[in-house]
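Heads up: the structure comes next, in structure tokens.
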Amino acid sequence: MPEITILGWFHTIIAIIALLAGFYTLARYKIITLGHKSGVVYLLCTFIAAATALMIYNQGGFGPAHILAVLTLLALFAGYLVTKISFLSKISDYFQAFCFSGTLLFHMIPAITDGLLRLPVDDPYLKSFHDPLLKKFYLLFLVLFVIGYIAQVFWLRKRNSQV
């Protein structure tokens, strides 16, 4: 792995703040929205992390991390926009939860990849992007996302039926 640049450090620190805010928001409020300060921190830091990821080319060109950054930006935009379109109001909470929670999944994939390929510094856990352990982590994150989203749907239905 190449050395981390100043931009890389900035990106990493912002992404870590985003992850902490995102997991805190989910644990505390069950969903990520702009209605909670921690949700705003998460979404803003996620936007910055995705934007800066598009400026990092340490693997020689546009790659999977860039695709995840584009997907993250699209999910942020779609999750925000759906609440502004009146005829989508019945699904907006569910779609926004899907989009904003999906950005956590998009964070975790490069986070685990970069972390395991860089740490510990002297002898990283993994030597290659093709290590089967990475695929197991990716699958685990996908399963956790699906379970988490299903839980959010049930929570949103319960909340919406009480209103």
Side-chain angles (χ1 to χ4, degrees), residues 6-59 61-115 129 134-163:
I6 297 294
L7 177 61
W9 277 111
F10 176 75
H11 166 81
T12 300
I13 291 166
I14 289 293
I16 289 169
I17 293 169
L19 284 171
L20 293 172
F23 286 121
Y24 170 81
T25 304
L26 282 179
R28 175 83 198 262
Y29 303 108
K30 314 284 190 268
I31 58 170
I32 298 169
T33 69
L34 289 166
H36 304 111
K37 286 182 184 177
S38 60
V40 172
V41 169
Y42 170 73
L43 295 167
L44 181 61
C45 288
T46 296
F47 174 80
I48 294 168
T52 56
L54 292 173
M55 297 179 232
I56 299 172
Y57 285 90
N58 61 6
Q59 300 301 319
F62 194 86
H66 297 103
I67 293 168
L68 288 169
V70 169
L71 289 173
T72 299
L73 293 170
L74 290 173
L76 289 172
F77 180 70
Y80 173 76
L81 187 63
V82 73
T83 63
K84 304 300 178 195
I85 302 172
S86 60
F87 71 88
L88 296 176
S89 63
K90 289 198 181 275
I91 66 160
S92 64
D93 289 346
Y94 303 98
F95 187 74
Q96 184 177 69
F98 180 80
C99 289
F100 289 171
S101 296
T103 62
L104 262 175
L105 173 65
F106 300 153
H107 266 293
M108 292 306 299
I109 292 170
I112 196 68
T113 303
D114 211 39
F129 285 104
L134 277 178
K135 289 180 179 60
K136 290 176 184 173
F137 271 110
Y138 300 162
L139 180 59
L140 172 66
F141 295 150
L142 179 61
V143 168
L144 290 173
F145 166 73
V146 170
I147 291 168
Y149 180 66
I150 290 169
Q152 287 179 322
V153 166
F154 283 115
W155 183 83
L156 285 166
R157 281 188 183 162
K158 182 178 177 183
R159 183 194 74 176
N160 291 345
S161 71
Q162 294 172 351
V163 174

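Since the model is a prediction, treat every value here as computed from it, not as a measurement.
Using a 4.5 Å heavy-atom threshold, the side chains of Y80 and L76 count as separate. Within the 4.5 Å cutoff, the side chain of S38 has heavy atoms near those of the Y29 side chain. Here the side chains of L104 and F23 are in contact, with some heavy-atom distance below 4.5 Å. The shortest distance between side-chain heavy atoms of T83 and T33 does not fall below 4.5 Å. Contact of the Y94 side chain with the N160 side chain is registered, since non-hydrogen atoms from C-beta on lie closer than 4.5 Å. At least one side-chain heavy atom of M108 sits under 4.5 Å from a side-chain heavy atom of L19. Residues F10 and I48 meet the side-chain proximity criterion, which asks for heavy atoms closer than 4.5 Å. Here the side chains of L20 and Y24 are not in contact, with every heavy-atom distance at 4.5 Å or above.
To the nearest 0.5 Å, atom CD1 of residue I67 and atom OG1 of residue T72 are 11.5 Å apart. The NE2 atom of H11 lies 9.5 Å from the CD1 atom of I16; values are rounded to the nearest 0.5 Å. Summarising the geometry, atom OG1 belonging to T46 is positioned 10.0 Å from atom CG belonging to L73; distances are rounded to the nearest 0.5 Å. Note that CD of Q96 is 10.5 Å distant from CG of L81, once rounded to the nearest 0.5 Å. One finds the CZ atom of F141 at 8.5 Å from the CG atom of L105 (value rounded to the nearest 0.5 Å). For the atom pair CG (L142) and CD1 (I147), the distance works out to 10.0 Å, reported to the nearest 0.5 Å.
Counting all heavy atoms, side chain and backbone alike, A75 lies closest to C99 at O-CB, 3.3 Å. Pairing each heavy atom of L54 with each of A69, the nearest pair is CD2-CB, 3.8 Å. Heavy-atom minimum distance, C45 versus I17: SG-CG2, 3.7 Å. Y42 and A18 get closest at one heavy-atom pair: CD1-O, 2.8 Å. Residue H107 comes nearest to A49 through the heavy atom pair CE1-CB, 4.1 Å, listed as atom of the first residue, atom of the second, then distance. Residues Q152 and K30 approach most closely at NE2-O, 3.0 Å, considering heavy atoms.
Using a distance-only test at 3.5 Å, with no hydrogens or angles considered, no donor-acceptor pair links the side chain of S101 to the main chain of F98. In terms of modelled atom types and a separation under 3.5 Å, the side chain of S92 and the main chain of S89 share a donor-acceptor contact.
Counting non-hydrogen atoms of neighbouring residues, nucleotides and ligands closer than 6.0 angstrom, the CZ atom of F47 reaches no more than 12 such neighbours. Residue-environment remark: CZ (R157) stays at or below the threshold of 12 foreign heavy atoms within 6.0 Å. Within 6.0 Å of the CD1 atom in I6, the count of heavy atoms belonging to other residues, nucleotides or ligands does not exceed 12.
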Practice task
Test L43 against F100 for side-chain contact (heavy atoms from CB on, under 4.5 Å), laying out the working first.
Solution key: CA-CA 8 Å; L43 295 167; F100 289 171; 3.7 Å; yes

Handout entry: Working for side-chain contact (heavy atoms from CB on, under 4.5 Å), residues F137 and T113
Key = CA-CA 9 Å; F137 271 110; T113 303; over 6 Å; no

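Between H66 and F62, the two ring planes are parallel [angle under 30°; tilted spans 30° to 60°].
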